Student: 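Got a structure here, written out as structure tokens. Questions coming.
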Amino acid sequence: MSLQIYSTLSGKKEEFVPLRGGEVRIYVCGVTVYDSSHIGHARALLTFDVIYRYLKFLDYRVIFVRNFTDLDDKIIRRAQEEGTTSEAIAAKYIEEFYQDSHALGLLRPAQEPKATEHIPEIIALIRRLEEKGMAYQVDGDVFFPVERFPEYGKLSRRKPEELEAGARIEVDERKRSPLDFALWKRSKEGEPSWESPWGTGRPGWHIECSAMSTRYLGQPFDIHGGGLDLVFPHHENEIAQSEAAFDVPLARYWIHNGFLNVNHEKMSKSLGNIYTVREILDLYEPEGLRHYFLSSHYRSPIDFSRQGLEEAEKAVERIYETMDRIQRCLPTPGPSRPDAGILEGFRREMDDDFNTPRAIALIFDEVRSLNRLLDEGKTAGLAARSLALRAVGETLGLLQRPPEMFLMNRRERWIKKQGLSHAEIEDLIRKRDRVRKEKRYQEGDRIREELRARGIVLEDTPGGTIWKVK
RNA sequence: GGCGGCGUACCCAAGUGGUUAAGGGAGAGGUCUGCAAAACCUCGAUGCGGCGGUUCGAAUCCGCCCGCCGCCUCCA
């Protein structure tokens with residue numbers, strides 16, 4: 001069995017066959033940099049981060065491109081509100097994006113093109129469409145004539161007639177059809193603008209992705225991805241433009257991640273239910289968030305909850321505890337190779353449309369089995385299995401830190417929140433040790449209870465008493 | 001109105017025709033321990049929103065009904 005990918009275009013799982021041998025070219029629509037990234041963005045980013053990692057795990061040479069939309073109405077509006085330039089707004093949120101990406105443990109794409117740096121490519125593409133009669137100009141605006149592209153609607157399974165019937169937006173009278181969309185917009189006073197054959201203006205939203213994907217990956221390329229909400233109209237329009245221009249498919253497989261909801265509703269500013277990446281990572285471990293997302297399938301909706309995140313964090317802690325035990329038992333792993341059975345099992349699950357929930361279940365099966373070996377004091381095969389576990393974790397972007405660091409971070413976060421200090425806790429532990437030596441256990445248990453009431457649990461190990469967060 | 005999705009144990013969540021319905025969290029009992037914690041062992045849905053149907057056999061396919069949601073407009 002080989003990798004099967006669900007493609008929005010065909011509406012079913014298909015065997016993945018790269019267009020060029022061992023190489024995979026993938027383009028994912030990135031963020032519009034006009035505000036802080038929220039956890040919905042994080043879900044999309046993590047989804048494709050894992051897809052990227054898994055393709056590499058399969059030994060493909062992967063060319064991963066993810067753009068920044070650094071030019072659009074929202075950025076311009078934001079700049080006006082703040083009395084600055086759209087360049088400054090974009091630069092600020094790109095910087096924030098990188099901080100968030102780093103915190104989330106995202107692998108960096110090979111290319112991260114920005115719309116503003118590809119104006120010549122965009123103009124060339126529009127000109128090509130114009131030459132083919134697939135663009136028309138009205139007063140410095142250039143539109144794409146949807147009715148001239150018969151396959152329009154094939155990705156989102158919509159018929160143009162039905163769309164027109166249901167349209168309830170204000171229609172620009174100058175367009176031939178309400179569905180036609182802007183390739184180029186004449187710029188208003190004070191907006192960023194570039195010289196073009198149609199006068200001073202700026203690109204429409206969809207065209208940048210067509211221009212940049214072709215620039216870095218050619219056409220067709222293998223995988224195009226993004227959030228489910230981009231299917232229509234963004235990706236539909238990209239297909240129309242690119243395929244009208246070059247008469248070959250834009251991309252072979254179309255992957256879309258499901259939404260992240262809050263209280264069963266989509267996150268939106270008007271509902272005030274947006275959580276930014278930074279505020280969540282302020283409260284929870286990044287790997288907890290990653291685990292939380294990966295324990296649902298990438299195409300399913302997730303209803304975000306604090307409880308879910310807390311449970312996920314405990315789950316990650318369980319894995320780290322086991323890795324910590326292994327490390328103490330086998331300080332140097334030796335020349336072992338990763339256990340092939342575990343890797344095969346992982347591959348079997350992931351080959352089925354990146355089934356991360358099953359992959360995670362497999363990790364926990366392995367954790368239990370390893371703990372049993374450790375309990376029994378057996379070390380045969382331990383090194384190979386822990387190496388495999390680490391490889392699997394790495395492919396999911398989990399288990400990337402030394403175990404003690406994860407455990408320590410959780411503790412630090414907790415005591416800070418509780419207003420406790422190390423010294424205070426350690427004093428109590430020493431005091432408890434003293435009374436225990438004198439067998440005054442009741443007194444010792446009182447100290448334990450006192451700490452437990454503040455979320456600290458004590459573990460008496462052969463090496464002394466350690467403490468953890470409940 | 002059109003298109004699409006979802007409803008599985010206390011919570012989260014896999015599973016889309018066939019032995020005992022994954023895994024995590026919470027819970028109960030046990031082993032270990034001075035007592036705990038961690039770990040391990042055991043238990044936990046005779047049933048997968050409801051009602052019919054197809055089939056030797058369905059959580060899985062079909063129909064109807066109930067409930068929830070998304071897209072059709074910028075949006076990850």
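Please read these numbers as outputs of a predicted model, since none were measured by experiment. Each chain gets a letter, A, B and so on, in the order the sequences are listed, and its residues count up from 1. Both backbone and side-chain heavy atoms feed into the values below; hydrogens, waters and symmetry mates do not.
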Student: Name every residue in residues 444-456 of chain A that has at least one heavy atom under 4.0 Å from any atom of RNA chain B, in order of residue number, or write none if there are no such residues.
Tutor: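 Close to the strand are Asp445(A), Arg448(A), Arg452(A).
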Student: For Tyr27(A) and Asp222(A), does a side-chain donor sit closer than 3.5 Å to a side-chain acceptor?
Tutor: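 Their side chains do not contain a donor-acceptor pair, so the 3.5 Å distance test is not met.
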Student: Just to be sure I understand the geometry, which residues of residues 426-434 of chain A put a non-hydrogen atom under 4.0 Å away from RNA chain B?
Tutor: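 Nucleic-acid contacts, sorted: Arg432(A).
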Student: Go through the structure and list residues passing side-chain contact (heavy atoms from CB on, under 4.5 Å) with Glu147(A), not counting sequence neighbours.
Tutor: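 Pro145(A), Arg176(A), Ser177(A), Asp180(A).
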Student: Would you say Ser37(A) and Glu96(A) are linked by a side-chain donor-acceptor pair, where the criterion is simply a distance under 3.5 Å?
Tutor: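 Their side chains do not contain a donor-acceptor pair, so the 3.5 Å distance test is not met.
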Student: Which stems does RNA chain B form, counting runs of 3 or more consecutive Watson-Crick or G-U wobble pairs with both distances under 3.5 Å?
Tutor: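 As far as RNA chain B goes, consecutive pairing (with distances under 3.5 Å) yields the stems B:1-7 with B:66-72, B:10-12 with B:23-25, B:27-31 with B:39-43, B:49-53 with B:61-65.
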Student: Judged by modelled atom types alone, do Glu236(A) and His206(A) share a side-chain donor-acceptor pair under 3.5 Å?
Tutor: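 Their side chains do not contain a donor-acceptor pair, so the 3.5 Å distance test is not met.
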Student: Can you identify which nucleotide, out of A26(B), A14(B), U73(B), has its nearest atom closest to the Pro233(A) side chain?
Tutor: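 Between A26(B), A14(B), U73(B), the one nearest the side chain of Pro233(A) would be U73(B).
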Student: Kindly state which residues belonging to residues 356-376 of chain A come within less than 4.0 angstrom of RNA chain B, counting heavy atoms of the residue only, listed by number.
Tutor: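 Hits under 4.0 Å, by residue number: Pro357(A), Arg358(A), Ala361(A), Phe364(A), Asp365(A), Arg368(A), Asn371(A), Arg372(A), Asp375(A).
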Student: Decide whether Arg413(A) and Tyr284(A) meet the rule of one side-chain donor and one side-chain acceptor closer than 3.5 Å.
Tutor: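 Looking only at side-chain atoms, Tyr284(A) and Arg413(A) do not form any donor-acceptor pair under 3.5 Å.
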Student: Round to the nearest Å and state the distance from Glu321(A) atom CD to G25(B) atom P.
Tutor: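 Rounded to whole Å, this separation is 12 Å.
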Student: Measure from NZ or CZ of Lys13(A) to the centre of the six-membered ring of Tyr6(A) and say whether it is under 6.0 Å with the direction within 45° of the ring axis.
Tutor: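 Because its charged atom misses either the 6.0 Å distance or the 45° angle limit, Lys13(A) does not stack over Tyr6(A).
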Student: Please report the distance, rounded to the nearest Å, between CG in Asp353(A) and P in U16(B).
Tutor: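 So the two atoms are 11 Å apart, to the nearest Å.
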Student: Angle between ring planes, His118(A) versus Tyr216(A), binned at 30° and 60°: parallel, tilted or perpendicular?
Tutor: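 Taking Tyr216(A) first and then His118(A), their aromatic rings stand perpendicular (interplane angle over 60°).
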Student: Let me know the distance between CD of Glu349(A) and C1' of A14(B), rounded to the nearest Å.
Tutor: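 The answer, rounded to whole Å, is 9 Å.
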Student: At 4.0 Å (heavy atoms only), tell me whether Leu230(A) reaches a base, stays on the sugar-phosphate, or touches nothing.
Tutor: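 Here Leu230(A) touches the backbone only, sparing every base.
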Student: So, Ser242(A) side chain and Leu250(A) main chain: donor-acceptor pair closer than 3.5 Å or not?
Tutor: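 It does not hold such a pair.
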Student: How is Asp460(A) classified with respect to the nucleic acid when contacts are heavy atoms under 4.0 Å: base, sugar-phosphate, or nothing?
Tutor: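 Result for Asp460(A) = base.
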Student: Nearest whole Å is fine: how far is U73(B) C1' from Asn237(A) CG?
Tutor: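 In whole Å, U73(B) C1' lies 12 Å from Asn237(A) CG.
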Student: For the pair His235(A) and Trp254(A), name the ring-plane relationship: parallel under 30°, tilted 30 to 60°, perpendicular over 60°.
Tutor: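 Tilted: the ring planes of His235(A) and Trp254(A) meet at 30° to 60°.
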Student: Of the residues in residues 292-305 of chain A, which ones touch RNA chain B at a heavy-atom distance under 4.0 Å?
Tutor: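 Residues of residues 292-305 of chain A that come under 4.0 Å of RNA chain B are, in numerical order, Ser295(A), Ser296(A), His297(A), Ser300(A).
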Student: Anything under 3.5 Å between a protein N or O and an N or O of nucleotides 69-71 of chain B, put it in a table, one pair a line.
Tutor:
residue, atom, partner, partner atom, Å
C71(B), OP1, Lys266(A), NZ, 2.5
C71(B), O2', Arg158(A), NH2, 3.0

Student: So, Glu311(A) and Lys314(A), do they make that salt bridge, N to O below 4.0 Å?
Tutor: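 Between Lys314(A) and Glu311(A) there is no salt bridge, as every charged N stays at least 4.0 Å from the carboxylate O atoms.
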Student: Could you pull out all residues at least two apart from Arg390(A) that satisfy salt bridge (Lys or Arg N to Asp or Glu O under 4.0 Å)?
Tutor: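 Result, salt bridge (Lys or Arg N to Asp or Glu O under 4.0 Å) vs Arg390(A): none returned.
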Student: Which residue pairs satisfy the salt bridge (charged side-chain N to carboxylate O under 4.0 Å, His left out) criterion with at least one member in residues 34-53 of chain A, sequence neighbours excluded?
Tutor: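 Qualifying pairs: Asp35(A)-Arg78(A), Asp35(A)-Lys269(A), Asp49(A)-Arg53(A), Asp49(A)-Arg290(A).
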Student: With distance as the sole criterion, is a donor-acceptor pair present between the side chains of Gln111(A) and Arg66(A) under 3.5 Å?
Tutor: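 Per modelled atom types, Gln111(A) and Arg66(A) side chains form no pair under 3.5 Å.
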Student: State whether Arg318(A) places a side-chain N or O below 4.0 Å from either non-bridging phosphate oxygen (OP1 or OP2) of A39(B).
Tutor: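 So the side chain of Arg318(A) is within the cut-off, an N or O lying under 4.0 Å from OP1 or OP2 of A39(B).
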Student: Can you list the residues that meet the salt bridge (Lys or Arg N to Asp or Glu O under 4.0 Å) rule with Glu443(A), with sequence neighbours excluded?
Tutor: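 Partners of Glu443(A) by the salt bridge (Lys or Arg N to Asp or Glu O under 4.0 Å) criterion, ordered by chain and then number, come out as Arg440(A).
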Student: Classify the side-chain pair Gln4(A)/Asp351(A) by whether it contains a donor and acceptor separated by less than 3.5 Å.
Tutor: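 Asp351(A) and Gln4(A) do not have a side-chain donor-acceptor pair below 3.5 Å.
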Student: Once side-chain hydrogen bond (donor to acceptor under 3.5 Å, both in side chains) is applied, do any residues pair with Thr116(A), and if so which ones, sequence neighbours excluded?
Tutor: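 Once residues adjacent in sequence are excluded, the partners of Thr116(A) under the side-chain hydrogen bond (donor to acceptor under 3.5 Å, both in side chains) criterion are Asp70(A).
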Student: For RNA chain B, which residues of residues 27-46 of chain A approach it to below 4.0 angstrom with any heavy atom?
Tutor: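 Within this stretch, Gly30(A), Thr32(A), His38(A), Gly40(A), His41(A), Ala44(A) sit under 4.0 Å of the strand.
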Student: Quick check with a 6.0 Å cut-off and a 45 degree axis cone: is Arg411(A) positioned over the face of Trp467(A)'s six-membered ring?
Tutor: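 So Arg411(A) does make the cation-pi contact.
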